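Each remark here refers to the structure printed beneath this line.
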Amino acid sequence: MDYNFRDIEKKWHQRWVEQKTYHVEEDKTKKKFYVLNMFPYPSGAGLHVGHPLGYIASDIYARYKRLQGFNVLNPMGYDAYGLPAEQYAIQTGQHPEITTVANINHYREQLDKIGFCFDWDREVRTCDPSYYHWTQWAFQLMFNSYYDTALNKAQPIQQLIAHLEQKGTEGLNAWATEELSFTADEWKQKDEKEKSELLMNYRIAYLGETMVNWCPELGTVLANDEVVEGVSIRGGYPVVQKKMRQWCLRVSAYSQRLLDGLETIDWTDSLKETQRNWIGRSEGAEVVFKVKDSDKQFTIFTTRADTMFGVTFMVLAPESELVNELTTPEQKAVVEAYVEETKKRTERERMIDKKVTGVFTGSYAINPFTGESNPIWVSDYVLAGYGTGAIMAVPAHDSRDYTFAKHFGLPIIPLIEGCDISEESYDAKEGIVCNSPRADVKPYIDFSLNGLTVKEAIAATKDYVEKHGIGHVKVNYRLRDAIFSRQRYWGEPFPVYYKNGVPQMIPTECLPLLLPEVDHFLPTATGEPPLGHAKKWAWDEEKKLVVDNSLIDNKTVFPIDLYTMPGFAGSSAYYLRYMDPKNDTCLVSKEADEYWQNVDLYVGGTEHATGHLIYSRFWNKFLYDYGYSVKEEPFQKLINQGMIQGRSNFVYRVKDTNTFVSLGLSKDYDVTPIHVDVNIVSNDVLDIEAFKNWRPEYQNAEFILEDGKYVCGFAVEKMSKSMFNVVNPDMVVEKYGADTLRLYEMFLGPVEQSKPWDTNGIDGCHRFLRKLWNIYFDKDGNLITEDAEPSKEELKSIHKLIKKVTTDIENFSYNTSVSAFMICLNELNQLKSHNKTVLETFAVLLAPFTPHLSEELWEALGHTTTVCDAQWPEYNESYLKEDMVKMMISFNGKARFPMEFAVDADSATIEKLALESEQTKKYLEGFTVVKVIVVPKRIVNIVLKK
RNA sequence: GCCCUGAUGGUGGAAUGGUAGACACGAGGGACUUAAAAUCCCUUGGCCAUAACGGCUGUGCGGGUUCGAGUCCCGCUCUGGGCACCA
């Protein structure tokens, strides 16, 4: 009887459900192990072959840990809020929840086919009120908190208010948007609205004015990665910069802790490096420059304090408030014109064409080290958002300053001995400092850096600056606060209402604030977000109820916030919720959190390196500060599964038209490539009718064909719903079975490596399972095992396998494990072995990889319990001893004579035997033994010299 | 530009500094079969040689360390990823 994977997999899937095989409870008698996958967004395209790669890898690990006796938590859920469902709702009027639930059900079906050991009783969905209750709760807690820079943790905002009431801003240790200074009396005189505004400067969740990527067509703000070359990825609509008042999270306050935490977790170096870059810590100094003939002064930030003597001009960011202050009346017109001009250009445009632009303000700053007057310019190469929005320009040692100086003919003073600055600046922080001060100039202060190395000079200057009160040492971070508002419908609503324009939190006991019903999912006619359509979206403060908008009287009934939270809100603390998913009194109970601690193994893609994986760490640290999470870092070990790449197809839209031109002719037009669903493309030829029906905006599309066909372009890239190149695993499961799919995805190559999806080779894995079946069963389906003690060869073969598989799983080298299984099976076949003990061990070893088949074999071998609770075998080193050692003799490192040498002993004995053997002696004559190298159980290498 | 990866047959990929190319796919040959499918066996980095044993060469390029380098060090080239007027 053949290996009937369909029946076997169906049978075991049912059995697992009936027996709740994968249900897990806290059990203090067992050690815990928490395995987690980044939960998927349930897209309409369904699960593709790339998703399971990580799930299978973690499933194998989870099963392996369970076999080792750990109490394993391996949950799964859905990141259910997202733009695609909303877009679909806009197009069809179908409520996103319906789409989402349908997609989730589809995902679940697909996941169930692959045989994962998820505990579905712990499923979470971010769009479920019982879940987003805690997302809203965390947001409110952040609103009611500030970051204390002395204690280095979040604290209740009440403490900050108490401080302001007593001492004003004096002695205040709080991370702030901008440094403010006022007294307790000034604070007390402010009205509620003013106080609220001031507190926004400190709250961890705050309302702030920020520049955003605004897409008018989509009526929403887009994240940077949703915008490419000034147009939205989805739809290709133009995106503009716009200043908006929105909710923000003070992630920047946690910069240092996010950086330090990286030292305590087991992630790849490259991922840690990516996060370090993103956080972008730079140590430098803030230095105060006085303005000439004025009592004004301003501060600049520099990491090159050593270059103080090379400053030849100053530059302000156009958005800087200093611009107005420092512009002289004569220059006012020019400067204002310039500032207006830069406003029109987006940040993107400014970066693309690196035109050197700028204007002189008319003012001069006095360099505190040279006493020289440096002209103050305005230029858009200086960013308002970083440092102080003002810089000192050292053209000799900064390439941007250099270009600017060359363009406007400003002086350049070299400060490093022997550096060549005739063509470009010398940016390296190496060399010996000179011209500091210059020999031809009378020293302004008693301070010299000449002769020091750059590093020494930086330290010396910082020291001087601190001592003389002209500045201080300062650390800057590039990490920006997260913008937390979205002008969308399908997301968590903010539990906030506005009382006379002052944001108020809806009482905690009234959470969750449910997402209201709307009849349109687009922005309103007045440009408000979709929640503006909600009829029942007002808060009755007395009744503590959501009521109809028409009841708003601004006395007891107030409007509710119209924004919703972004995708990362729901995914930031879901790992905590899995520990205690049904708790309706808190996010996670103390007991559950203390038992499960944090995630031991987290598996997911690198694409989340600067998004989810930063936000989640931030969110967890915040909860940790209040004791809601016992561990400061959420994910102890992280494995990045490589992306399974897909083969995408493109159509080429002629710019500003609805005409598409075939690949061969696209060179003659100005075109934008747009991804097209691979399912409506066959051999790179587009099905035009299917394309027209694909999206409403293409209904009336026109085509320029070649040879009567529309030929699409292609590329190998990430398999993703947004690239429309998704391949589903269902077909593979149907044809070969889940166990083959699991084995094959692991066999494809290292888990962490990206590779394009390719079904060549899947036969090999399937063949292996069939051969495996045939070693247990004869043609009639009868078990053919022998009860005898295993032979020496059998023991060697199986213990080799135990060792290999055990170490491979620990190292996530699943591909070589699969090879080891194949080798061992071949050996057993050669030995014509049907030994029961050996076959039992084989089935257990294979259980993490091919659970259905292993269960079937385990049962056939007479076991009544599930193979999941078998004991992971230990290997015995003594069976693995090689009994042949290879020996090599090298003469002056030139010749080598390989020979075999029978031995079963330790290194010292091998060495002795090797030197005394008859075989060797004839070679030793006339030579001195330089050294003998014994590679245990493998090679003896005798090095000889004349 | 900066940071991080990686580079091995026709392909995916194996190799704690110790016989490079495991394992699998593909290809070629053979067995079984009326035939096909399935299955099994053999060959398969390149070059040379052969009745046969075998020999040379070979892990992106150039150096170095070592008895011994795909692996370690230095300098390049290219691939992929991240960041990017961040002072």
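Because the structure is a prediction, the values reported are computed rather than measured. Chain letters run A, B, ... following the sequence lines, proteins first and then strands; every chain starts at 1.
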| task | Stems involving RNA chain B: give each as a range paired with a range, ordered by first number, where a stem means at least three consecutive Watson-Crick or G-U wobble pairs under 3.5 Å. | result | B:1-4 with B:80-83, B:10-12 with B:23-25, B:26-31 with B:39-44, B:45-48 with B:54-57, B:60-64 with B:72-76

| So, is B:rG6 syn or anti if syn means the angle is within 90° of 0? | anti

| said: Rounded to the nearest 0.5 Å, what separates atom CD1 in A:I762 from atom CZ in A:R767? | reply: 12.0 Å

| query | Can you find a side chain N or O atom of A:N815 that sits less than 4.0 Å from OP1 or OP2 on B:rA14? | reply | yes

| Whole-Å distance between B:rU5 C1' and A:R276 CZ? | 15 Å

| message | Could you tell me how far B:rG9 sits from B:rG82 if I compare only their C1' atoms? Round to whole Å. | response | 32 Å

| request: Round to the nearest Å and state the distance from A:L613 atom CG to B:rG82 atom C1'. | output: 14 Å

| What nucleic acid atoms does A:R281 come within less than 4.0 Å of, heavy atoms only: base, sugar-phosphate, or nothing? | nothing

| request: Kindly say if A:R770 contacts the phosphate of B:rU39, meaning a side-chain N or O under 4.0 Å from OP1 or OP2. | output: yes

| Pairwise C1' distance, B:rU66 and B:rC53 [rounded to whole Å] | 33 Å

| message | Using the side-chain heavy atoms of A:E273, tell me which of these nucleotides is nearest: B:rG13, B:rC3, B:rC83. | response | B:rC3

| request: Write down the distance between NZ (A:K755) and C1' (B:rG81), rounded to a whole number of angstrom. | output: 16 Å

| query | CD1 of A:I798 to CG of A:L845: how many Å apart, nearest 0.5 Å? | reply | 5.5 Å

| request: Could you give the distance separating B:rU50 and B:rC61 at their C1' atoms, to the nearest angstrom? | output: 36 Å

| task | Send over the distance from A:Y426 OH to B:rG1 C1', rounded to a whole Å. | result | 16 Å

| message | Measuring from the side chain of A:N277 (C-beta onward, heavy atoms only), which nucleotide among B:rA87, B:rC85, B:rC3 has the closest atom? | response | B:rC3

| Reckon A:I391 touches a base, only the sugar-phosphate, or nothing at all at heavy-atom distances under 4.0 Å? | base

| Does atom CD of A:E810 have more than 12 heavy-atom neighbours, drawn from other residues, nucleotides or ligands, at distances under 6.0 Å? | yes

| note | One should read off an interatomic distance between A:H834 NE2 and A:N774 CG, to the nearest 0.5 angstrom, of 9.5 Å

| field | Inter-nucleotide P distance (B:rG60, B:rA14), Å rounded | value | 15 Å

| query | Starting at OH of A:Y381 and ending at C1' of B:rA87, how long is that distance when rounded to a whole Å? | reply | 8 Å

| Contact check, side chains of A:F369 and A:V311, non-hydrogen atoms, under 4.5 Å | no

| task | Provide, to the nearest angstrom, the distance between the CD atom belonging to A:E424 and the P atom belonging to B:rC85. | result | 20 Å

| P atoms of B:rG45 and B:rA35, separation to the nearest Å | 32 Å

| query | Should the pair A:R617 and A:W278 be classed as cation-pi, given the thresholds of under 6.0 Å to the six-membered ring centre and 45° from the axis? | reply | no

| message | Would you say the ring centers of A:Y814 and A:F747 fall short of 6.0 Å from each other? | response | no

| Options B:rC3, B:rG13, B:rC23, nucleotide nearest the side-chain atoms of A:S819 | B:rC23

| task | Identify whether the distance between the nearest side-chain nitrogen and carboxylate oxygen of A:K800 and A:E827 falls below 4.0 Å. | result | yes

| task | With P as the reference atom in both, quote the distance from B:rG80 to B:rU71 in angstrom, rounded to an integer. | result | 23 Å

| Below 4.0 angstrom, N of the basic side chain to O of the carboxylate: do A:K803 and A:E877 qualify? | yes

| message | Return whichever of A:D269 or A:S813 has its heavy-atom-nearest nucleotide of RNA chain B closer to the 5' end. | response | A:D269

| message | Would you say A:Q753 places a side-chain N or O within less than 4.0 Å of OP1 or OP2 belonging to B:rG13? | response | yes

| Expressed in angstrom and rounded to an integer, what is the separation of A:L262 atom CG from B:rC3 atom P? | 19 Å

| remark: Assert: residue with more 5' nearest nucleotide on RNA chain B, out of A:T274 and A:L271, is A:L271

| task | Measure the spacing between OG1 of A:T461 and CG of A:L449 and express it to the nearest 0.5 Å. | result | 4.0 Å

Every protein N/O lying under 3.5 Å from an N/O of nucleotides 24-33 of chain B:
residue : atom : partner : partner atom : Å
B:rC25  : OP1  : A:R767  : NH1          : 2.5

| query | Rounded to whole angstroms, how far apart are CG on A:N774 and P on B:rC40? | reply | 9 Å

| query | Are a donor atom and an acceptor atom from the side chains of A:T361 and A:W377 found within less than 3.5 Å of each other? | reply | no

| message | On the nucleotide B:rA87, are OP1 or OP2 found under 4.0 Å from the side-chain N or O atoms that A:S282 carries? | response | yes

| task | Keeping the roles fixed (side chain from A:H397, backbone from A:Y426), state whether a donor-acceptor pair exists under 3.5 Å. | result | yes

| task | Could you measure between the two C1' atoms, the one in B:rG29 and the one in B:rU34, and give it in whole Å? | result | 22 Å

| said: Can you check the distance between B:rA49 and B:rG28, where both ends of the measurement are the P atom (answer in whole Å)? | reply: 25 Å

| Looking at B:rC4, B:rC85, B:rG13, which one has an atom nearest to any side-chain atom of A:S270? | B:rC4

| said: Under 4.0 Å, heavy atoms only, any strand: does A:R304 hit a base, just the sugar-phosphate, or nothing? | reply: sugar-phosphate

